[in-house]
**Student:** 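The structure under discussion is supplied below as structure tokens; questions concerning it will follow.
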Number of protein chains: 2
Amino acid sequence: MSEINKDSTEEKILHAAQTVFIQKGMDGARMQEIANEAKINKALLHYYFRNKQKLFEAIFSKVFNQIFPDIRSLIFSEKPFEERLGAFVERYIDLLLKNPFLPAFILKEINRDPDFLASLIKKQGINPEEILQMIEQEMEAETICRMDPRDLMINILGLSIFPFAARPLMQMMFFNNSKKEYNEFLIKRKESVKIFILNSILVNKKQMPGG
Amino acid sequence: MSEINKDSTEEKILHAAQTVFIQKGMDGARMQEIANEAKINKALLHYYFRNKQKLFEAIFSKVFNQIFPDIRSLIFSEKPFEERLGAFVERYIDLLLKNPFLPAFILKEINRDPDFLASLIKKQGINPEEILQMIEQEMEAETICRMDPRDLMINILGLSIFPFAARPLMQMMFFNNSKKEYNEFLIKRKESVKIFILNSILVNKKQMPGG
DNA sequence: GTTTGATTTAACCAACTGGTCAAAGTTAAG
DNA sequence: CTTAACTTTGACCAGTTGGTTAAATCAAAC
């Protein structure tokens with residue numbers, strides 16, 4: 001049964017570890033707290049994952065891959081660039097709405113241990129090159145303005161991710177610290193970010209909200 | 001002399017603490033390491049700042065205020081909006097270029113302890129309301145497109161801050177992990193972000209790079 | 001029912017961490 | 001010089017933390 005019933009303890013540990021690590025980060029998390037959260041003994045934790053580092057790496061890899069999902073398919077579809085970019089932004093913000101603590105967690109940990117990040121990226125098939133090339137092709141075709149495609153990529157990511165990563169500050173400064181209002185704002189942002197970007201880069205076009 | 005020569009030990013501690021805290025964060029920093037960095041005894045650390053929390057709060061306040069500098073003056077000058085926004089972006093990115101680790105540090109800590117952030121904002125005279133109003137006036141005057149002014153503010157901040165906060169990831173994905181190339185990219189961004197934003201929001205205008 | 005291997009537990013440990021304390025050093029004033 | 005206040009230090013402590021171990025439990029195979 002060692003293969004069939006893997007759900008039980010190991011799964012429980014992974015789930016608990018994810019909860020605690022995302023909330024507290026590697027430095028702030030305590031093995032005891034993870035054990036409590038999983039309702040098991042601390043020694044059992046070390047039985048399944050030799051040490052904290054190993055457990056953390058398992059969680060981080062899982063979470064990190066989770067955030068580079070099946071986006072490729074919609075980026076490289078046959079639809080016009082405008083639509084593809086819109087779909088990307090919408091899907092990405094949707095992903096973050098479902099996992100609102102991922103951005104802060106990932107930013108924290110990639111700054112703490114960039115080397116592990118490097119090994120992850122290499123191990124995975126992440127290939128930004130082809131995305132950049134695709135963007136450059138669109139510029140050749142003059143559907144979008146000429147600019148450094150890396151600027152565009154980082155703009156798209158920043159506009160999507162930043163409001164989640166900086167949530168406590170933004171919510172407090174601009175939304176009277178109302179959680180509800182900020183959530184509604186984030187949902188509306190799926191549209192407004194799309195418009196903001198397209199307005200800037202589309203040649204000879206100005207989008208209007210709700211258009 | 002207790003007032004005149006404040007530079008000596010207390011200053012040394014603050015400087016060391018800032019270095020260590022920004023690098024490791026509250027959880028990752030060790031009092032012993034701060035003491036070493038300041039080349040003093042650990043007990044002396046507790047003599048000047050009763051405990052870690054107090055020392056951390058001193059540093060965080062200092063750093064946090066540092067990042068809301070004299071920007072007000074250029075936001076509310078008499079110049080046209082286009083210029084004021086450009087100046088803001090440029091000055092802000094310049095500020096971050098001089099303190100490239102502040103964004104990651106601040107994002108980390110505001111997510112760890114949002115309550116302390118709240119007390120800081122209230123204690124200080126930070127008033128986002130008037131900035132939002134100013135933006136709304138520009139929309140009334142139809143110099144810029146109509147949109148949620150909070151969206152615009154968060155876009156501006158995100159476009160400026162994100163490349164610093166996510167640096168390890170962005171540098172690795174888009175710049176072959178070349179520190180030098182990424183630095184040059186960040187400098188160019190003072191211009192490209194400005195253009196990107198203005199392109200999006202200015203009514204009836206498309207900026208061209210170098211224009 | 002006994003053997004065998006995987007799971008689970010309680011008790012324990014060494015290292016680390018924030019923090020304390022009493023004593024010693026330093027400085028300026030009387 | 002003496003006093004008194006402020007600085008600085010080394011030694012120490014109690015609590016926490018990641019991690020270990022030996023024994024107990026359990027489930028299936030024989």
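All chains are named by letter (A, B, ...) in the order of the sequence lines, taking the proteins before the strands, and each is independently numbered beginning at 1.
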**Student:** One thing to verify: whether A:Asp94 and A:Lys190 come together as a salt bridge, which I'm taking to mean a side-chain N less than 4.0 angstrom from a carboxylate O.
**Tutor:**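 Judged by the 4.0 Å cut-off on N to carboxylate O distance, A:Lys190 and A:Asp94 do form a salt bridge.
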**Student:** Please test B:Tyr92 against B:Phe88 for ring-ring contact (aromatic ring centres under 6.0 Å, His included), starting from the C-alpha separation and ending with a verdict.
**Tutor:** CA-CA 6 Å; B:Tyr92 205 76; B:Phe88 175 84; 5.5 Å; yes
**Student:** Could you check whether A:Phe49 gets within reach of a base, just the sugar-phosphate, or nothing at all, counting any heavy atom under 4.0 Å?
**Tutor:**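 Touches nothing.
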**Student:** In whole angstrom, what separates B:Met31's CE from D:dT16's P?
**Tutor:**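 Taking atom P of D:dT16 as the reference, CE of B:Met31 is at 18 Å.
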**Student:** Would you check if the side chain of B:Ser119 reaches a backbone N or O of B:Phe116 as a donor-acceptor pair within less than 3.5 Å?
**Tutor:**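 Flag set: sc B:Ser119 to bb B:Phe116 pair under 3.5 Å.
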**Student:** Could you check whether B:Phe21 and B:Phe56 have their ring centres less than 6.0 Å apart?
**Tutor:**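 Yes, close enough.
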**Student:** Let me know the distance between CD of A:Gln32 and P of D:dG15, rounded to the nearest Å.
**Tutor:**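 That distance rounds to 17 Å.
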**Student:** Is A:Glu37 paired with A:Lys12 through a side-chain N to carboxylate O contact shorter than 4.0 Å?
**Tutor:**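 Salt bridge: no.
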**Student:** At less than 4.0 Å, is any side-chain N or O atom of B:Arg30 found next to OP1 or OP2 of C:dG18? Yes or no.
**Tutor:**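 Yes, such a contact exists.
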**Student:** Quick test of your reading of the model: are A:Glu191 and A:Lys194 salt-bridged, counting only N-O distances below 4.0 Å?
**Tutor:**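 Yes, A:Glu191 and A:Lys194 are salt-bridged.
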**Student:** Using a 4.0 Å heavy-atom cut-off, write out nucleotides 9-14 of chain C from 5' to 3' as B (base contacted by protein), S (sugar-phosphate only) or - (no contact).
**Tutor:** BB----
**Student:** Output the rounded distance in Å from NZ (B:Lys52) to P (C:dC16).
**Tutor:**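 To the nearest whole Å, that distance equals 16 Å.
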**Student:** What does B:Ala29 touch in the nucleic acid at a heavy-atom separation under 4.0 angstrom: a base, only the sugar-phosphate, or nothing?
**Tutor:**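 B:Ala29: backbone/sugar contact only, no base atoms under 4.0 Å.
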**Student:** Measure from NE2 on B:His46 to C1' on C:dT20 and round the result to the nearest Å.
**Tutor:**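 Those two atoms, NE2 and C1', are 9 Å apart.
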**Student:** Does B:Arg189 reach the main-chain N or O of B:Leu159 with its side chain, forming a donor-acceptor pair under 3.5 Å?
**Tutor:**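 Yes: the side chain of B:Arg189 pairs with the backbone of B:Leu159.
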**Student:** Rounded to whole angstroms, how far apart are CG on A:Leu55 and C1' on D:dG19?
**Tutor:**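 Computing the A:Leu55:CG to D:dG19:C1' distance gives 13 Å.
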**Student:** Can you tell me if the side-chain N/O atoms of A:Thr9 get under 4.0 Å from OP1 or OP2 in C:dT7?
**Tutor:**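 False: A:Thr9 side-chain N/O out of range (4.0 Å or more) of C:dT7 OP1/OP2.
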**Student:** Find the distance B:Asp27:CG to C:dC16:P and express it as a whole number of Å.
**Tutor:**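 So the CG-P distance, B:Asp27 to C:dC16, works out to 19 Å.
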**Student:** May I have the distance from A:Asn51 (atom CG) to C:dA15 (atom P), rounded to whole angstrom?
**Tutor:**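 So the CG-P distance, A:Asn51 to C:dA15, works out to 17 Å.
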**Student:** Nearest-Å distance, CG (B:Leu45) to P (C:dT17)?
**Tutor:**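 My rounded result for the distance is 14 Å.
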**Student:** Counting only side-chain N and O atoms of A:Arg50, is one of them less than 4.0 Å from OP1 or OP2 of D:dG19?
**Tutor:**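 Answer no for this pair, as no side-chain N or O of A:Arg50 is under 4.0 Å from OP1 or OP2.
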